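Proteins come first, then strands; the chains are lettered A, B, ... in the order of their sequence lines, and each starts at number 1. As the structure is a prediction and not an experimental result, all values here were calculated from the model.
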Amino acid sequence: MSRFRVEVLVTPRPGLLDPEGGAIHHALASLGYDEVAEVRVGKAIYLEVAADSAATAAARVEESCRRLLANPVTEDFTVTVRGEA
Amino acid sequence: MRIAVITFPGSNCDQDCHRSVEAAGATAVPVWHREISLGGTDAVIVPGGFAHGDYLRPGAIARFSPIMTPVVEFARAGRLVVGICNGFQILCEAGLLPGALLRNRSLRFQSHDCALRVERSDTPFTSRYREGQVIRMPLAHADGNYYADRGALEELESEGRVLFRYSDAEGESTEEANPNGSLNRIAGIVNEGGNVLGLMPHPDRAIDLALGSQDGLPLFESLVDSVHQRTPAQMAAAEGRALAGTAR
C-alpha cells in the first residue's frame with residue numbers, strides 16, 4: 001500500500017455564468033492585460049490517498065467526485081495523480 | 001399534527017421555522033441531523049442557515065447527514081417537504097429538486113426584502129395565497145442564483161412547477177427585480193410529484209407584522225391544511241411521479 005498525492009480540479013461547466021471569473025477578467029483588463037480572452041474560476045482539492053496503485057487511487061477519487069466533490073449539474077472535474085506522497 | 005424541523009450544525013433559522021409551524025397551528029418537532037428517524041412526523045422542514053459551514057458547496061455535506069436518508073425516503077413516498085434558503089440548497093444537492101443554486105450574480109451576500117409573485121394557488125404549499133398575488137418577505141443568501149440546464153428548466157415551466165418568481169411590487173417579473181441572477185427569475189420550485197418545495201426567500205421571517213410582513217404565514221398554514229387533507233391516493237400519485245423523476 002502506497003500513499004498517492006491526488007489533485008482534483010473542479011471547474012464550472014462551459015457556458016455556465018461565472019461571475020467571479022468575470023470580475024477577475026475585468027480587473028485584469030483594467031491592469032492592461034487586454035490579451036486575456038476569458039477567465040473561469042474553479043477550485044483545487046488536494047488529497048493523499050492510500051491505495052495499491054495510482055490507478056486505484058484515481059478511480060476512488062473519481063468516484064468521490066461524482067458523489068461529493070463536484071456537483072454534476074454545474075461542475076466538471078479532472079483527477080490527476082501527482083506521484084507518491 | 002407534528003412537523004419536523006431539522007437542525008444541522010450551522011442551521012440558524014430552525015427557531016424561526018419552529019415558531020412559524022406553531023403560528024400555523026401545528027406542533028414543531030426539533031430533529032437533530034444525526035437522528036436516523038423522523039419520529040412519525042407528518043411533514044418536514046429543512047431550514048435556512050449555513051449547514052456544515054457551507055464548506056465545499058452549500059448543502060453538499062449536509063445531504064449526507066444521517067437524517068437525510070429518512071428525509072429522502074419520506075419525500076419519495078409523496079410526503080410533504082419544504083426547504084427554505086439553505087434548506088433549498090440541501091434538497092437540490094440531495095437530488096430531491098432539480099438544478100443548483102449558484103453564487104449570486106452580484107457576488108454579494110444579498111440581505112433585503114423582496115417581492116414574489118405566487119404563480120399557483122392549487123398546490124399543498126400555496127393554497128392560502130391567490131394566484132398572481134404579490135407577497136413580500138426577506139431574503140438572505142450568497143448562493144441563490146437558480147440554475148438548471150435547458151431541458152430541466154423547460155420541464156419546470158411547462159409542468160407549472162415554478163411556484164414563486166421574483167417580481168416588482170406590481171407583480172411584473174422583470175430582470176430589475178431579480179436579486180441574484182436566477183434563471184427565469186425563479187425563487188421557488190416543486191419536484192415532479194409536487195410534494196417537495198424549495199425556495200430561497202424566507203417565509204419563516206415573515207410571519208408577524210412586528211417583523212415587517214406576515215406574508216410568509218399562509219405558506220405554513222397551507223402546509224398544515226394540506227397535511228390534514230392529504231389522502232392516500234394523493235400521496236401515491238406524488239410518489240409515482242417522484243419515482244418517475246428519479247428514474248430519468
**Report entry** Verdict with reasoning, B:Leu38 to B:Val44, per side-chain contact (heavy atoms from CB on, under 4.5 Å)
**Finding:** CA-CA 8 Å; B:Leu38 290 165; B:Val44 172; 3.7 Å; yes

Query raised in the report: For A:Leu69, is it the side chain, the backbone, both, or neither that has a heavy atom closer than 4.5 Å to a heavy atom of chain B?
Result: both

Query raised in the report: Contact part of B:Leu56 toward chain A, heavy-atom cut-off under 4.5 Å: side chain, backbone, both or neither?
Result: both

Report task. Kindly indicate whether the side chain of B:Cys13, heavy atoms from C-beta on, has any atom under 4.5 Å from the side chain of B:Ile84. Result -> no

**Report entry** Contacts of A:Ala50 that satisfy side chain to side chain contact (heavy atoms under 4.5 Å, CB included) - sequence neighbours left out
**Finding:** A:Met1, A:Arg3

Query raised in the report: Taking C-beta and beyond as the side chain, do B:Leu102 and A:Pro19 meet within less than 4.5 Å on heavy atoms?
Result: no

Requested in this report: Take atom CZ of A:Arg60 as the centre, draw a 6.0 Å sphere, and report whether it contains more than 12 heavy atoms from other residues, nucleotides or ligands.
Outcome: no

Determine which donor-acceptor pairs between chain A and chain B fall under 3.5 Å and list them with their distances.
residue : atom : partner : partner atom : Å
A:Lys43 : NZ   : B:Leu56 : O            : 2.5
A:Leu68 : O    : B:Arg57 : NH1          : 3.1
A:Leu68 : O    : B:Arg57 : NH2          : 2.9
A:Leu69 : O    : B:Arg57 : NH1          : 3.1
A:Asn71 : ND2  : B:Glu93 : OE2          : 3.3

Requested in this report: For each of A:Gly15, A:Pro12, A:Gly22, A:Ala70, tally heavy-atom pairs with chain B at distances under 4.5 Å, and name the one with the top tally.
Outcome: A:Ala70

Query raised in the report: How many angstroms lie between atom CG of B:Leu197 and atom CD1 of B:Ile45, to the nearest 0.5 angstrom?
Result: 10.0 Å

Query - Between CG on residue B:Leu101 and CZ on residue B:Phe88, distance to nearest 0.5 Å - result: 5.0 Å

Report summary line: Max heavy-atom pairs within cutoff under 4.5 Å with chain B, candidates A:Leu16, A:Leu17, A:Val10, goes to A:Leu16

Query raised in the report: If you round to the nearest 0.5 Å, how far is CG of A:Asp52 from CZ of A:Phe4?
Result: 8.5 Å

